[in-house]
Amino acid sequence: MLVSLLSDKLLEKITLLNHAVSQRAPLPILSSFLLEATKGKLIISATDLEVGIKAEIAASVEKGGKITVPAKNFLDLITNIKDQKITLELEDNVLKLKGVGLKASFQTSQPEDFPKLYEQKGDEILRLQKKDAEKFFKRVSFAAATDSTRPALLGVLFEIEKDGLVLVATDQYRLSYQKTPLKLKHDLEKPVVVPGRIVKELSFLKDDKEDIIFYLSLGNNQVVVSQGDVEIVGRLIDADYPEYQKIMPEDANTKTEIDREQLLNAIRICSVFARETANIVKFSLEKDKLTVSANSPQVGEDLVEIEAKTIGEDNEIAFNAKYLIDVLTTLEENDLVFEMTGPLNSGVFKVQGDNSFLHLVMPIRIQG
Amino acid sequence: MRDCKSIWKAVLSEIELEVSRANFFTLFKQTHLLSIEGSVATIAAPSGMIIDLLQRKFFAIIKNASDHHIGNDTKIVFVPKTVVDEIVDNKDDTLFSEEAIKTTVGHLPRVRPDYTFENMAVSGSNQLAFVSATTVAKSPGASYNPLFIYGPVGVGKTHLMQSVANEVYSKKPNTKILYTTSEEFTNDVVEAIRTNTTGRMKKRFRELDLLIIDDIQFIAGKEKVQEELFHTFNILVDKSSQIVLSSDRHPSEIKMLEKRLISRFGGGLTVDIQSPDFELRCAILLIKAKKYGVALSFETAKIIAQKALDARGLEGLLLRIVTEAQNKGVTQIDEEMASSVLSFEKEQDTGFHPEEIIENVCTFYKVKQTQLKSPKRDAFLVRPRQIAMYLLKKQGLTFVEIGHLLGGRDHTTIMHGVEKIEKIIEQRGNMDFMGLNLQTFGKKVD
């Protein structure tokens, strides 16, 4: 193998690929990049057997070949060199990297040990523009569980309704719901659950011009997301999604219009005092204001008042500040609506003038 | 149809011998035999990538093993499918369920909220203490006042006392509760004297409804602190506020404690907690394992319980095993794994240097080493000398060696001394006469 390419192009891709590198893999091959040089391009892959990512980089290839290198060392080295032309050459199972005044060699392992990411890509099911992906998927994916005994909650639900695709994610304590106008290429028999990890990767795809395409292979239980020269492969989550419709809110008793940045700021101030008490912050809704407060017996207490236009009865509710900060940092719109029915019913965040999105946060019951 | 589960278990156990541990855990652990139809065995693995590796690298091994257990010429077909283990139950399929709405009332300063009566393991050794503590928590100030709990380290004194605080707090959040240690109490007193705010401090302590002081033995020898505690004590008992105290020994055995305090400490109920017995240690392990979210079988708990005697030691061992399990990515801890981790555990070092033992005996009895080794046979020297002989003998030294160490004595003298102490131990039934034992002399005596 003998390849020359620009180090910055390589860096851009392997930074993304690093998301699929297993951090504490029992198998060394899962902490490696697979490099494959063929006509005019270098293909790099990484996988932790759950998610796999493959990317192509244009390169001048004098001699083809295939090898795996330790991912962490390779990435650290490329991160630290300035943009320049580098050559990669394989000699007796040692990968030699040369740049301007730079020589490095990596011990390699057998490429045959590296798993094939997929047999068949599957059928194209959805094609969307990068900006849509950013908007719709970001609003949902953060609510998916990262660690749960219920596999379904690790994923994002893709459900088809007559107006288009509906996305749902929840970790049992909060739930995001997003209606989209996106149409699938062909119908699905039942909704699919795509791993949250894959959906989160969408926001790391850098290319703004290329479309993002979802391929589904139900027989292989596999989903592939591709954009330009990058492909992300994962397995569908084979579990029934909980019936989220049951907890969708009906009409609220109290509705209040708030400014996202003001509220976020208030919660951040209060969370200083909430840290020791399971992160609890309290909302008190009154006619013209929303009071955010927190207290902890050891440290002290504080409250922040922000302007709000409230319709309905005065109300109080408490939340874990982490969940509030998550939703408020994810949304980009500033005019939000907060709705609630009572202190033990979930609180609902909406974007003003946008009926497609809902975010539910479960309250915390406080005594005394 | 044959039982797929047990067949596959047999196949896997054979494969386990052939492949590396890492390969087995990452690739084979999550495979399942779905069905055997005719000569076709269908095997499920979670992803296409795993299947690819299994087929290319391990096919021969799998084929070989399945030939043994399923039958010759079995055709093997892989399908990508995640089979959910039975451990993962989907019992609450509802979201945002009522239980999931956490009830939180904040928690008391210095008190761990997870120390409650519910998660305390109770057995013969701590039952009396447990019952008295629950009674006190139910009606503070009305039953046993003060409640004095004593026992060696790691038996759950602090857990019990904090449970009292948590229980009272959760029932009546407005109760004025103070949980403190005698060290903090001392600091408060010293600080108040330094800043000339004793009045405020007195008020703070004397308005309490429930005062809990942990490790009270440390106020020994601190006169001003004892005086302050004495007055606080009287006032609180008079207005029937509850007091709970703990110590590592019976109040009458705490040295340099004023008589009037000793008598007051004994004025309510004094209960002891013994070191946990084997069954209780197992129970503690199971509770702790649940806290860490791992499945621990009873057999495994038994293995671990043999290795440590107090609750902290147990938790330490358990934590090590849990960490090991997480590193390997398993949720079920089996006996084999526990034993392999524990075998690295160094045998507890009980060997003490002979000089150290002599030194500590001398410190304890306040005699000089030269006196102990001198030919003098005054009554106050004989007993310490004999104890030193006995302890050295227990360390495996010969009579002659001990004789040399103790000033060139004849080995028959040593034999007599050891016998003498053994007789005393026999009469009193245990090593703990006068509160001493080998450990006391091995460590520095303060």
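A note on names: the letters A, B, ... follow the listed sequences, proteins ahead of strands, and every chain is numbered from 1. Bear in mind that the values here come from a model prediction, so they are computed numbers and not experimental data.
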Chemist: What part of D113(A) is in contact with chain B, defined as an atom under 4.5 angstrom from a non-hydrogen atom: side chain, backbone, both or neither?
Modeler: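 The answer is both parts of D113(A).
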Chemist: Search all heavy atoms of S47(B) against all heavy atoms of L49(A) and return the closest pair with its distance.
Modeler: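 What the structure gives for the nearest pair is OG-O, 3.0 Å.
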Chemist: Looking at D48(A), L117(A), V51(A), L30(A), which hits side-chain contact (heavy atoms from CB on, under 4.5 Å) with M49(B)?
Modeler: L117(A)
Chemist: Should we count NZ of K291(B) as having more than 12 external heavy atoms under 6.0 Å?
Modeler: yes
Chemist: State, yes or no, whether a side-chain contact exists between L27(B) and L27(A) at a heavy-atom distance under 4.5 Å.
Modeler: yes
Chemist: Do other residues, nucleotides or ligands put more than 12 heavy atoms under 6.0 Å from the NZ atom of K9(B)?
Modeler: no
Chemist: Would you say CD of E207(B) has more than 12 non-hydrogen atoms from neighbouring residues, nucleotides or ligands within 6.0 angstrom?
Modeler: yes
Chemist: Measure E50(A) against the heavy atoms of chain B and call it side chain, backbone, both or neither at under 4.5 Å.
Modeler: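 Backbone of E50(A) only, per the 4.5 Å heavy-atom cut-off to chain B.
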Chemist: Tell me whether the count of non-hydrogen atoms from other residues, nucleotides or ligands lying under 6.0 Å of CD in E191(B) goes above 12.
Modeler: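 Yes.
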Chemist: How about K290(B): does its NZ atom have over 12 heavy atoms from other parts shown lying under 6.0 Å from it?
Modeler: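 Incorrect, the count does not exceed 12.
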Chemist: Heavy atoms only: give me the nearest K116(A)-R56(B) pair and the separation to one decimal.
Modeler: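 Closest approach of K116(A) to R56(B), heavy atoms only: N-NH2, 4.0 Å.
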Chemist: At what distance, to the nearest 0.5 angstrom, does NZ of K57(B) lie from CD1 of I29(A)?
Modeler: 7.5 Å
Chemist: Roughly how far, to the nearest 0.5 Å, is CZ of R235(A) from CD1 of I50(B)?
Modeler: 6.0 Å
Chemist: On a heavy-atom basis, which atom in G219(A) and which in P80(B) lie closest, and how many Å separate them?
Modeler: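 The answer is O-CG, 3.9 Å.
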